[in-house]
Amino acid sequence: MTDETTHALAFTPEDLPEKGSFLKPHRIVLMLVFAALVVAVAVFMRWDWLPRYLPRLGSGILVSLAMLFGTAILGFLLAVPLGLAQVTGPWFLKAPARVFCTIIRGTPLLLQLWLLYYGLGSLFPQFPWIRHSFLWPYLREAWPYGVAALTISFAAYEGEVMRGAFAGVPAGELEAARAYGMRRWTMFRRIWLPRAIHRALPTLNGETVLQLKSTPLVATITVVDVYAVISKVRQETYLTYEPLLLLALIYMCLTGILVVAFRYFENRIPTRGA
Amino acid sequence: MAADSFINWSLLSLSAPGWGGVLLQGFLHSIEIAIGGYALGLVLGVGGAFGKLYGGPILRDLLECYTTIVRAVPELVLILLLYYAGTDLLNQLLGAAGFGPVDISGLMAGIFVIGVVQGAYSTEVLRGAIKAVPAGQIEAARAYGMSPVKVLRRITLPAMLPYAIPGLANLWLIATKDTALLAVVGFSELTLVTRQAAGATKAYFLFFCAAGTLYLALTLVSNVFIGIIERHARRGFAEQR
């Protein structure tokens, strides 16, 4: 996936408004209209269920965030070897890495998730040695399958991003490192990887927002994230719109916080000519 | 356990005891929704992109809100919201106009939902592509006295296509995969049908892998066509290395 497509799919730091130019007369009018809308929603819709569910909503948000950061970090650790194998690996590493990325990127995440949870989950109990292993208490729960599916998906998309980033590091820099007498591992650790991550950073930020947008899928395999809490509210209160509007608001806030944090970190990395 | 009982291929047969026909029917539904949603998204996207670039300040801000919300909220949440709100709104409008409530077909609702989501994405893709067209070309067209519509038809749209096609191709692939999310609202597209088949026969691996193969085949076939279209659109461009 190209950089521009990630930007088109996810709200990224480039979309944050510039300071100073934000407040214009028509914006103030629009904001007043919007505020009136919010007040109308708050007054005319039913929100009396909210206090009862607040603690559960909080823990749901924490589960969603844990899913996001856990899978993004694990997925990125997998993505680096995947990208590297596709750029310099011998054919017996290159081919499987490419096939892996193609298959994962070519099928819906929901299907992969259900394949792991229902497929593997129904297969595991048939093997006694798995049932007696120390992993069994975890394998009976839903979240490991959610983590696995989200990690694999993130790794495949990021593997493709890292492939481009590794290939895009100028050959002269690597030659210079070699001329300094660096060994291959030193060169990778000091030059190649940091430069590749630097190049891929804007895309990685966008992909992390996309990963946040994928996390509610784990609610379909009974992981109780914020989406699942809202579904529970909808079942118990027979309300349709209020919980969903709140959910959309929660995700917008999460995305906003994530994007502001990314911009802060991006600004701390010196970039030539920027 | 013998190998032939481990994988029971007859479950995939097209006629009644097998689920192959049902699976293909679901696949067809998925493709229909993907095509419809993608087309609706393109229409919204062209409008949105031009509104964002050439519209007035209020229109621009409203479109910015639209694309920001869609790009910040998970598709799953949007699909639920649009699905209920869209059908509700239509029925209320019909009620106000004096007609009874209608049962909106899942296909139409699915296309509407995917289209609105895709519309925001393609707005962004097309906006970037239009901005990549050299301003001199559009100015030259205006200097020739072409009307705005004619500039759009003769210059802007054809000239932006090479820049837009990679992004639009990705959006098509995303549209095909986003149709799977409609399983959550109970529309019988490929993923939901697969889950029903797997649940009924307990052959989870077989059915999920079969569905995965169908999705993958759709992606790979699409990729072939995308390659052809891309080469056609980029003819005359200097080869980039």
Side-chain angles (χ1 to χ4, degrees), chain A residues 1-2 4-12 15 17 24-27 29-30 34 102-103 105-112 114-123 126 209-210 212-217 219-220 227 230-231 234 240-241 244-245 247-256 259, chain B residues 1 56-58 61-62 64-65 67-69 71-78 80-81 84-85 88 120-125 127-129 166-167 170-171 173-174 176-181 183-184 190-191 194-195 198-199 202 204-209 211-213 215-220 223:
Chain A
M1 203 179 319
T2 56
E4 294 84 42
T5 315
T6 310
H7 176 76
L9 298 175
F11 188 72
T12 53
D15 296 308
K24 289 176 189 154
H26 76 275
R27 287 231 168 94
V29 175
L30 278 180
F34 185 68
T102 308
I103 289 179
R105 287 156 39 103
T107 49
L109 177 56
L110 189 63
L111 192 79
Q112 297 162 16
W114 286 357
L115 171 70
L116 285 184
Y117 182 65
Y118 295 110
L120 276 186
S122 69
L123 210 62
Q126 295 175 8
V209 175
L210 280 183
L212 172 68
K213 291 171 65 179
S214 307
T215 53
L217 288 182
T220 60
Y227 179 89
I230 290 290
S231 302
R234 286 177 47 214
T240 310
Y241 295 113
L244 282 177
L245 285 176
L247 186 61
L249 184 71
I250 289 173
Y251 275 112
M252 282 179 75
C253 290
L254 291 180
T255 308
V259 164
Chain B
M1 206 182 282
I58 292 179
D61 278 1
L62 290 178
E64 191 69 46
C65 286
T67 57
T68 300
I69 290 172
R71 291 186 309 151
V73 176
E75 280 100 337
L76 192 59
V77 180
L78 287 173
L80 278 182
L81 256 177
Y84 293 120
D88 244 24
Y121 297 159
S122 39
T123 297
E124 289 295 312
V125 168
R127 191 183 62 125
N170 276 327
L171 288 189
L173 297 178
I174 287 162
T176 60
K177 286 182 280 171
D178 270 358
T179 55
L181 297 177
V184 176
L190 181 53
T191 304
T194 305
R195 189 177 157 184
K202 303 291 174 215
Y204 290 100
F205 255 105
L206 177 66
F207 281 112
F208 281 122
C209 287
T213 313
Y215 278 115
L216 194 62
L218 180 59
T219 300
L220 293 179
N223 274 339

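Chain naming here is simple, since letters A, B, ... match the order of the sequence lines and numbering starts at 1 in each. In what follows, every heavy atom counts, from backbone to side chain, and hydrogens, waters and symmetry copies are set aside.
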Trainee: Picking from A/Y227, A/W114, A/Y251, A/F11, which has the most non-hydrogen pairs under 4.5 angstrom with chain B?
Mentor: A/W114
Trainee: When rounded to the nearest 0.5 angstrom, what is the spacing between CG in B/L80 and OG1 in A/T240?
Mentor: 10.5 Å
Trainee: Return the minimal non-hydrogen interatomic distance between A/L244 and B/V77, and the atom names on each side.
Mentor: O-CG1, 4.3 Å
Trainee: Considering residues at least two apart in sequence or located in another chain, which fulfil the side-chain contact (heavy atoms from CB on, under 4.5 Å) criterion with B/D88?
Mentor: A/Y241
Trainee: Which atoms of B/A183 are under 4.5 Å from chain A, going by heavy atoms: the side chain, the backbone, both sets, or neither?
Mentor: side chain
Trainee: List the atom of A/R105, the atom of B/K177, and the distance in Å for their closest heavy-atom pair.
Mentor: O-NZ, 2.7 Å
Trainee: Between B/V184 and chain A, which part of the residue has a heavy atom less than 4.5 Å away: side chain, backbone, both or neither?
Mentor: side chain
Trainee: Taking all non-hydrogen atoms of both residues, which atom of A/S122 and which atom of B/Y204 are closest, and how far apart?
Mentor: OG-CD1, 3.5 Å
Trainee: Heavy-atom pairs under 4.5 Å with chain A: which of B/T219, B/L181, B/L216 has the most?
Mentor: B/L216
Trainee: Between B/V73 and A/L247, is the side chain to side chain contact (heavy atoms under 4.5 Å, CB included) condition met? List the steps.
Mentor: CA-CA 9 Å; B/V73 176; A/L247 186 61; over 6 Å; no
Trainee: Could I get the full list of side-chain contact (heavy atoms from CB on, under 4.5 Å) partners for A/L30, not counting sequence neighbours?
Mentor: A/H26, B/I58, B/D61, B/L62
Trainee: Do you know which two heavy atoms are closest between A/V209 and B/R71, and how far apart they sit?
Mentor: CG1-O, 4.4 Å
Trainee: My understanding is that only one of B/D178, B/L76, B/T191 makes a side-chain contact (heavy atoms from CB on, under 4.5 Å) with A/L110; could you say which?
Mentor: B/T191
Trainee: Working to the nearest 0.5 angstrom, can you tell me the gap between A/T102 OG1 and B/L220 CG?
Mentor: 7.5 Å
Trainee: Closest heavy-atom contact between A/M252 and B/A72?
Mentor: CG-CB, 4.2 Å
Trainee: Calculate, to the nearest 0.5 Å, the distance between atoms CG and CD belonging to A/L217 and B/E75 respectively.
Mentor: 8.5 Å
Trainee: At a 4.5 Å cut-off on heavy atoms, which part of A/L120 comes close to chain B: side chain, backbone, both, or neither?
Mentor: both
Trainee: Provide the closest heavy-atom pair for B/P74 versus A/L212 in the form atom of the first, atom of the second, distance.
Mentor: CG-O, 4.5 Å
Trainee: Please report the interatomic distance OG1(A/T107) to OH(B/Y215), rounded to the nearest 0.5 Å.
Mentor: 9.5 Å
Trainee: Heavy-atom cut-off 4.5 Å, strictly under: side chain, backbone, both or neither for A/Y118 against chain B?
Mentor: both
